[in-house]
Amino acid sequence: MELTELGRGGPRVSRVGLGLMGMSGIYGPADESESKATIRAALDAGITLLDTGDFYGMGHNELLLRDALRGVDRSSVFIQVKFGGQRDPSGAFVGHDASPAMVKSSLAYSLVRLGTDYIDLYQPARLDRRVPIEETVGAIVEMIEAGYVRHLGLSEMGADTIRRAAAVHPVTGLQIEYSLMSRGIEASILPAVRELGVGVTAYGILSRGLLSSGSAREIGPADPRARFPRFQSENLRRNLDLLAALEAVADGRGVTTAQLAIAWVLSRGADIIPLIGTKRRDRLAEALVALDIDLSQDELAAIEAAVPASAVAGTRYDPGQMAALDSETS
Ligand SMILES: NC(=O)c1ccc[n+]([C@@H]2O[C@H](COP(=O)([O-])OP(=O)(O)OC[C@H]3O[C@@H](n4cnc5c(N)ncnc54)[C@H](OP(=O)(O)O)[C@@H]3O)[C@@H](O)[C@H]2O)c1
């Protein structure tokens with residue numbers, strides 16, 4: 001596995017990371033042993049960057065990761081943790097808290113659940129509009145100085161907020177949705193992070209599975225992903241037309257649409273690290289093939305013509321969530 005810098009002069013991590021969110025029920029039931037086997041298979045393949053959040057399964061995801069990493073040299077993995085998302089006992093999201101006290105308290109719990117004495121990169125999952133970003137970052141910097149955290153990260157934040165954060169402390173990574181279907185970061189966020197030397201960990205690289213041939217067509221009303229506008233009735237029908245166009249390009253190259261979509265994200269630059277989002281070993285193996293797909297300019301043009309961002313039907317989150325995203329509103 002090729003290694004790359006996360007952020008200019010930043011830590012060296014694998015060219016792709018593994019996102020663990022789906023292993024804690026966010027997209028429906030997950031098989032615990034298969035999830036752990038997937039993490040171990042990722043490590044065997046050379047993946048070092050593992051992405052979790054304390055609110056993924058209300059701690060479940062971190063405990064799962066701790067179990068999967070038993071016997072693994074701590075220094076061989078790069079664990080990044082999101083915090084701030086608040087959930088009630090039913091699992092409903094009820095708010096976001098990135099106050100300095102919450103930074104420290106959440107971190108303390110994460111360290112115990114993960115069974116580690118430091119986290120490689122710690123990041124607020126969303127901007128807490130009640131708290132100046134300088135205060136959130138200031139508290140993380142205190143934790144860096146105390147040795148509990150190695151690097152500062154941000155998630156789904158707009159260019160102005162990223163600049164304000166970077167004025168307090170170097171930002172190592174920005175986590176944000178980026179795929180053939182979600183190209184919003186190209187206008188102002190990507191230029192800003194490139195100027196500042198902030199790396200990107202790209203999530204939603206398959207637009208929650210929409211860019212893969214199998215799963216999108218199987219999504220019924222009971223699938224938790226059905227809440228996303230892109231998976232709803234007429235939108236889904238139109239988006240499946242785009243997928244069919246992408247399939248034609250993938251067939252021509254002898255690869256799957258998921259592999260092509262991941263290869264496209266990889267082609268955006270070495271500073272963009274795609275997060276593979278799966279809880280299954282077979283899909284991890286499928287995704288890893290993308291690392292060996294070099295796309296010519298003609299192929300890139302054909303891919304972008306098959307899935308023009310302007311033709312995608314439906315926003316990436318529902319209207320309430322979109323309004324709460326600093327990356328979409330600032
Ligand atoms: N910062 C943020 O706001 C934020 C938000 C969301 C996610 N994330 C992070 O990013 C990671 C990835 O995000 P994501 O999972 O939403 O993105 P994604 O990769 O676009 O979508 C993952 C979905 O696609 C399915 N899938 C994966 N490979 C497939 C294949 N080859 N064929 C068919 N279906 C396939 C997965 O199901 P299976 O698991 O069953 O394979 C899962 O339901 C998460 O794990 C999390 O760590 C961050």
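Keep in mind that the numbers below use all heavy atoms, side chains included, and drop hydrogens, waters and symmetry copies. Whatever order the structure lists ligands and atoms in, that order sets their numbers, starting from 1.
- Ionic pairing of K279 and E32 is not present here: no N-O contact between side-chain nitrogen and carboxylate oxygen is shorter than 4.0 angstrom.
- At a 3.5 angstrom cut-off on N or O pairs, G19 counts as close to ligand 1.
- The L275 neighbourhood of ligand 1 comprises atoms 10 (O), with distances under 4.0 Å to a heavy atom of that residue.
- Atom 30 (C) of ligand 1 has its nearest heavy-atom neighbour, among R316, R280, R283, in R283.
- Sorted by first then second residue, the salt bridge (charged side-chain N to carboxylate O under 4.0 Å, His left out) pairs that include residues 43-59, not counting sequence neighbours, are D51-K82.
- In this structure, the side-chain hydrogen bond (donor to acceptor under 3.5 Å, both in side chains) partners of D67, at least two apart in sequence or on a different chain, are K36, R70.
- Annotation: cation-pi geometry satisfied between R208 and F228 (NZ/CZ under 6.0 angstrom from ring centroid, within 45° of ring axis).
- Of the N or O atoms in T278, one or more lie within a sub-3.5 Å distance of an N or O in ligand 1.
- Using a cutoff of 4.0 Å between basic side-chain nitrogens and carboxylate oxygens, E186 and R183 are scored as salt-bridged.
- When non-hydrogen atoms are compared, ligand 1 lies under 4.0 Å from the side chain of R225 (C-beta onward) but not from its backbone.
- Contacts with ligand 1 closer than 4.0 Å are made by backbone heavy atoms (N, CA, C, O) of L20 only, the side chain lying farther away.
- Ligand-side atoms of ligand 1 in range of G204: 13 (O), 17 (O), 18 (P), 20 (O), range being under 4.0 angstrom from any heavy atom.
- Note that R126 lies in the cation-pi zone of Y317, set by a 6.0 Å cut-off to the ring centre and a 45° limit from the axis.
- Under 4.0 angstrom from ligand 1, the non-hydrogen atoms of S207 all belong to its backbone.
- Looking at R208 against ligand 1, both its backbone and its side chain come within 4.0 Å, counting heavy atoms.
- Both the sub-6.0 Å distance and the 45° axial angle are satisfied by R225 relative to the ring of Y27.
- Heavy-atom proximity to atom 3 (O) of ligand 1, evaluated over R126, E177, E286, is greatest for R126.
- Ranked by closest heavy atom to atom 46 (C) of ligand 1, the top entry among F228, Y203, Y317, Y56 is Y56.
- For K279, heavy-atom contacts with ligand 1 shorter than 4.0 Å involve the backbone as well as the side chain.
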